[in-house]
Each structure stands twice: as structure tokens, then as C-alpha cells.
Peer 1: 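Quick one: this structure, given as C-alpha cells, is what I'll be asking you about.
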There are 2 protein chains.
Amino acid sequence: MKKKDIKILLVDDEPDILEIVGYNLSNEGYQVFTAENGHEGVKKAKKEQPHLIILDVMMPEMDGIEACELIRKNPDLNNTIVTFLTARGEDYSQVAGFDAGADDYITKPVKPKVLVSKVQALLRRFKEEDVSDTVKVGNLVINRDEYKITSKGKEIILPRKEFELLSLLASKPGKVFKRDEILDTVWGNEVVVGGRTIDVHIRKLREKLGDDSFKTIKGVGYKFVD
Amino acid sequence: MKKKDIKILLVDDEPDILEIVGYNLSNEGYQVFTAENGHEGVKKAKKEQPHLIILDVMMPEMDGIEACELIRKNPDLNNTIVTFLTARGEDYSQVAGFDAGADDYITKPVKPKVLVSKVQALLRRFKEEDVSDTVKVGNLVINRDEYKITSKGKEIILPRKEFELLSLLASKPGKVFKRDEILDTVWGNEVVVGGRTIDVHIRKLREKLGDDSFKTIKGVGYKFVD
DNA sequence: AGAATTAATGCAAAAGTGATGCCAAAAAAT
DNA sequence: ATTTTTTGGCATCACTTTTGCATTAATTCT
């Protein structure tokens, strides 16, 4: 997504803040909307579906917390990031804010640079949530980051060697891996293990993931099929 | 962010400088790119999006100041730190440099050690700006500013190492952090501690935040789950 | 082709290894 | 003086590898 397609809604009752923060964000290329109180904020949020909402806590009419709660109740705004703007040391608002469903909060006074990089960080984090280091193979999802496998929605934790063996085989479904190749990759060139080691691991994988996922090619090696 | 993921762009017309500075930074583990004049520098900056640019002031074709101005105009390079490289006593360039948007400057001749520690300091500052004061993760609220954790509305004060360890693990819930990674981040690359240090800290966190928040992946590392 | 031979793999349990948990005490920091 | 951090020694547990034998598939022999 390009910067100019990203919408940010700014809600604060102080025009000064609105202006300076708004200016900096516009300058960065974001599309900025503003509102001067909670009511208006919620209304604009519904209308514009912003990606990020920066919400002052202390406001007349409707404070930020209440507004946030309303926003969170709206299913259309589920993916929206909400950040509070609060004076340093206002402990209560922090806790209450997070309870209300905020994702982060920024302390006033805000330095433009800090603000901008914070906004960028938030949007980045938000983006990255979907892009975890994960590979789909057949009905398996292999997540190297979390060292876990998801098979048909069921989560399976595998020990290291089993995980790496499966990773290897599943990396090219259908391909037959020779025992040598497997040893080289999973165990390493230097390590020497007995002849029964591999198939014991294969057996464990078969126990855990179903017999038919692993096929033996006698005299050659194994392959994973989906 | 790991060192090897940090990109540094070096722009100087003297190959000697390029080599010695580049060598020292590569040696530290950074990813180093080089360019021999302003034009090339700006081009590479756009392409590689480095985190830090070290820019010689006096160069043919396009001098550092002009290059810096161009860099600063590019919104994608807003988070990039620019530091000038200048001969001692070139007062004028200093002033002009800061005007052009530089963050720091380094005087030639450069001593490797000084250079490296300066680079580290700059990157640290950069990092801190990027990290939010407060982050919400699961039912935890981590406040880096005040070094405290709020769990289900209850406030918990953690000692430094425990706090940083938790911060790290909770920064990516579900992700498995290898022991090495943890050591690198929490203890620093240079520090060497015994093998039992990490798990003692993990144990303390488990005592304080509940056993099941931290999962051990044997042979790999630990992960935080919410 | 069918039987016999040979080689490779499957299997279960046992043994081995190594990583982690845990404690208590020393060392460092505050 | 108190709190935090690190260490070293053990105990323990999870994972890995071995072992010995059964089974199966491929190959060779009649």
C-alpha cells in the first residue's frame, strides 16, 4: 500500500495539536482527517475507515476512551489501529486506554520526528502481522519462526530434528530426497550417525502426521506427498 | 534489529577511506554499501534504503551537502541517519551540513575505534526513536519509558534484565528466540555470560507472570505466548 | 514364473546425550 | 544493606541415537 492511500484520523480538541501533527503527517504523504471531539471522531471513523486513529484522551463531549470503545465495537473498524495521545504521567489513562482496546499510546508533548517514526512503526507492525515467516505446503503450514506446524488447523509442536527433517522433505513435495542428502542437510556433513537414525525419525513423523504423507523409495530415500 | 540487517552506505571519493572505513564496519557485522560520489550515493541510497549514510563533504560531481539535501527530500529516506565526514576544522561545512539535515558529523582522519563507537551510538539513538514507549501485547502492557509492565491491570516492576528479556520475547509473541539471539539483544554481542544465565531469568519471569506464558523449545530457544 | 537370496527399511525398546530447570551461593550493582 | 545478576553443580527430562530383530521389497537363481 502506498503512503498516499493510507488514511489517518486525528482527534483532538486543541486546534494547535491538530495542526502541527496534521501538518507533519500530511507532509509525509499520508491522507489526514481531523475531528475535534469524540463524537465527531467516531462519526468520521465510520465514514472514512482510516487505517490509523490518533485519539486524544482528554476531550470535551466525549473523551478518547469512550470513543475508542465505540470504535472497537464497530466491526468495520476492526483492523484499525488506535493510538492514544496523552500527557506524560497520566497513568490512569494508559491502563484504561489499553483496556478500551488501544494498540499504543503516544505521550505529549510530541516531537514531530518521533511522532512520524512512531506512526510508521505502527503501520509497519500492522502490515507485518500477516507476513510471518511461514510456508504453506499441501495441507501443512510450516512456521519456521515459531517452530510449529499446523496441519488441518491443528497445531503440532515438533522436536528440532523432526521439524527440520519435515521442513526439508516438505520444501519440495514429491521430490525424493536421498538419505545422503537428508543427512547432509539435517545433520550436517561432519556428523556421522548410524544407519537407522533417519527412518526412526521418519517413523515419528508418520505417527504424528499420518502414514501416507511420507513415501519410501527403497534403495533411494524418502519423499513427502500432499 | 540484528547487526547484519543494518545497512550502512558509505560515500566518499577516496578509495582508501572507502576501504578502511568499510572494512571496519563490515567487520562489526554491518552490511556496507559504497559509492564514490554524490550522484551515485543518492542513487544507492534510494535503492538500498540504508539505515545510516556516511557522507564525505568534499566530493567531485556532487558534494555531500547537496547529496544530503536530496536525500532529505526523499520521504522514504526520512528515517535514515545522515552523518558527514569532514576534515578537521572545516567549520563552514559543519554548519552547512546541519542545515542540510545531517544528524551528526565525523572528523577526518577517522580512527576506526572512534568511528565504530560513533556509528553504534547513532544507530542506538535511531533505534530508540523507532521503538514505542509503550506497547500492548496480549494482556501485557510494556512501558519502556517507565520500565514497568502492566498485566491485567496489575502493575509489575521488573529488574532491568528481566524487563529487557520480557520486552524482547513479547515483541513478537509466538516467535521462538534462539539463545544466541537473546544474548545478542539483551546482553550485547561482546558480553559473555555462562550457560545458565538465560534460563534463570526465564524462571524468574515464569514465577512472576505465570508458567505458561513462556514456552521452551528445546535445542532452540524460548517463546512468549499470549 | 516362482523360490531363494540379499539388501534395505520398519519397529520397539533401551541407552545415550545434551539441554534445561533449579537451587543456593557468590559476585556485582544499586 | 538490599537487590539484582551471574555462576556452578546437579537432577531431570526431552530428545536423539543405537541396537537387535522383524518385515518388506528388490534381485538372483533355478
Side-chain angles (χ1 to χ4, degrees), chain A residues 144 146-149 155-169 176-225, chain B residues 144 146-149 155-169 176-225:
Chain A
R144 271 201 106 58
E146 311 191 5
Y147 255 82
K148 84 184 179 199
I149 309 283
E155 204 171 274
I156 304 170
I157 306 263
L158 294 179
R160 200 166 86 246
K161 285 284 193 287
E162 288 170 37
F163 183 88
E164 262 151 29
L165 177 55
L166 174 59
S167 283
L168 176 64
L169 293 184
V176 180
F177 288 87
K178 304 203 187 77
R179 293 175 92 92
D180 296 352
E181 289 183 72
I182 296 176
L183 283 177
D184 272 12
T185 313
V186 178
W187 273 263
N189 301 10
E190 333 78 19
V191 185
V192 181
V193 290
R196 298 273 60 69
T197 303
I198 289 182
D199 43 80
V200 171
H201 284 273
I202 292 279
R203 180 163 54 89
K204 305 236 160 183
L205 286 178
R206 281 175 168 151
E207 284 169 7
K208 288 169 185 169
L209 299 176
D211 237 355
D212 30 310
S213 296
F214 304 91
K215 193 149 191 189
T216 305
I217 311 297
K218 217 168 170 176
V220 188
Y222 300 89
K223 74 175 171 184
F224 173 87
V225 289
Chain B
R144 282 198 90 72
E146 308 177 23
Y147 253 82
K148 79 186 180 197
I149 309 280
E155 197 172 283
I156 304 170
I157 306 272
L158 292 179
R160 202 168 71 247
K161 291 286 185 211
E162 289 171 36
F163 182 88
E164 263 154 27
L165 177 54
L166 175 60
S167 284
L168 176 64
L169 293 184
V176 178
F177 289 87
K178 306 205 185 75
R179 285 173 158 257
D180 297 351
E181 289 183 72
I182 296 176
L183 284 177
D184 272 12
T185 314
V186 177
W187 274 264
N189 299 6
E190 333 76 20
V191 185
V192 182
V193 291
R196 297 275 59 70
T197 303
I198 289 182
D199 43 83
V200 171
H201 285 272
I202 291 278
R203 180 162 54 89
K204 305 238 161 185
L205 286 178
R206 281 176 169 149
E207 283 167 7
K208 288 169 186 169
L209 300 176
D211 234 357
D212 29 312
S213 296
F214 304 90
K215 189 144 197 190
T216 305
I217 310 294
K218 226 177 166 171
V220 187
Y222 299 90
K223 72 176 168 185
F224 173 87
V225 289

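Given the structure is predicted, the values throughout are model-derived calculations rather than measurements. The figures that follow rest on heavy atoms only: side chains count, while hydrogens, waters and symmetry mates do not. Proteins come first, then strands; the chains are lettered A, B, ... in the order of their sequence lines, and each starts at number 1.
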Peer 1: By the 4.0 Å heavy-atom rule, please label B/Phe163 as base, sugar-phosphate, or nothing.
Peer 2: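 Counting heavy atoms under 4.0 Å across all strands, no contact is made by B/Phe163.
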
Peer 1: Which of these nucleotides, D/dA26, C/dG10, D/dA14, is closest to any side-chain atom of A/Asp199?
Peer 2: C/dG10

Peer 1: Contact class for B/Thr216 vs. all strands (heavy atom < 4.0 Å): base, sugar-phosphate, or nothing?
Peer 2: sugar-phosphate

Peer 1: Does a side-chain N or O from A/Tyr222 land closer than 4.0 Å to OP1 or OP2 of C/dA8, or not?
Peer 2: no

Peer 1: Do any N or O atoms from the side chain of A/Arg206 and from the backbone of A/Phe214 form a donor-acceptor pair under 3.5 angstrom?
Peer 2: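 Confirmed, A/Arg206 side chain pairs with A/Phe214 backbone.
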
Peer 1: Counting heavy atoms from C-beta on, name the nucleotide in C/dC23, C/dT20, D/dT24 closest to the side chain of B/Lys218.
Peer 2: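 The listed nucleotide nearest to B/Lys218's side chain is C/dT20.
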
Peer 1: Using a cut-off of strictly less than 4.0 Å, decide whether B/Trp187 has a side-chain nitrogen or oxygen near OP1 or OP2 of D/dT6.
Peer 2: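 Yes, such a contact exists.
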
Peer 1: Please figure out whether B/Lys204 or A/Gly195 has its closest DNA chain D nucleotide nearer the 5' end.
Peer 2: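 Going by which nucleotide is closer to the 5' end, it is B/Lys204.
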
Peer 1: Between B/His201 and D/dT4, is there a side-chain N or O to OP1/OP2 distance below 4.0 Å?
Peer 2: no

Peer 1: Using the closest heavy atom to pick a nucleotide of DNA chain C for each, name whichever of A/Gly219 or B/Ile217 lands nearer the 5' end.
Peer 2: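 In this pair, the answer is A/Gly219.
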
Peer 1: Please list every donor-acceptor pair under 3.5 Å in which a side-chain atom of residues 176-189 of chain A meets a protein atom from a residue at least two apart or in another chain.
Peer 2:
| unit_1 | atom_1 | unit_2 | atom_2 | d |
| --- | --- | --- | --- | --- |
| A/Arg179 | NH1 | A/Tyr222 | OH | 3.3 |
| A/Arg179 | NH2 | A/Gly195 | O | 3.2 |
| A/Arg179 | NH2 | A/Asp199 | OD2 | 2.8 |
| A/Glu181 | OE1 | A/Lys175 | NZ | 3.4 |
| A/Glu181 | OE2 | A/Lys178 | N | 3.2 |
| A/Thr185 | OG1 | A/Glu181 | O | 2.9 |

Peer 1: Can you tell me if the side-chain N/O atoms of B/Arg196 get under 4.0 Å from OP1 or OP2 in C/dA19?
Peer 2: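 No, outside the criterion.
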
Peer 1: Please figure out whether A/Glu162 or B/Ile198 has its closest DNA chain D nucleotide nearer the 5' end.
Peer 2: B/Ile198

Peer 1: Check the phosphate of C/dT30 against B/Arg160, side-chain N and O only, distance under 4.0 Å to OP1 or OP2. Yes or no?
Peer 2: yes

Peer 1: Would you say A/Ile202 and A/Leu169 make side-chain contact, with heavy atoms under 4.5 Å?
Peer 2: yes

Peer 1: Given 3.5 Å as the limit, does a donor-acceptor pair link the side chain of B/Lys148 with the main chain of B/Glu155, or not?
Peer 2: no

Peer 1: Among B/His201, B/Lys208, B/Lys204, find the one that has a side chain to side chain donor-acceptor pair (under 3.5 Å) with B/Glu162.
Peer 2: B/Lys208

Peer 1: Answer yes or no: does a side-chain N or O of B/Arg206 lie under 4.0 Å from OP1 or OP2 of C/dC22?
Peer 2: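 False: B/Arg206 side-chain N/O out of range (4.0 Å or more) of C/dC22 OP1/OP2.
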
Peer 1: Looking only at the side chain of B/Val193 (C-beta and beyond, no hydrogens), which of the listed nucleotides D/dA25, D/dT18, D/dT7 gets closest?
Peer 2: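 Looking only at side-chain atoms, B/Val193 lies closest to D/dT7.
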
Peer 1: May I ask you to say what A/Lys161 touches in the nucleic acid, namely base, sugar-phosphate or nothing, with a heavy-atom cut-off under 4.0 Å?
Peer 2: sugar-phosphate

Peer 1: Would you tell me if any nitrogen or oxygen in the side chain of B/Tyr147 comes within less than 4.0 Å of OP1 or OP2 on D/dT4?
Peer 2: no

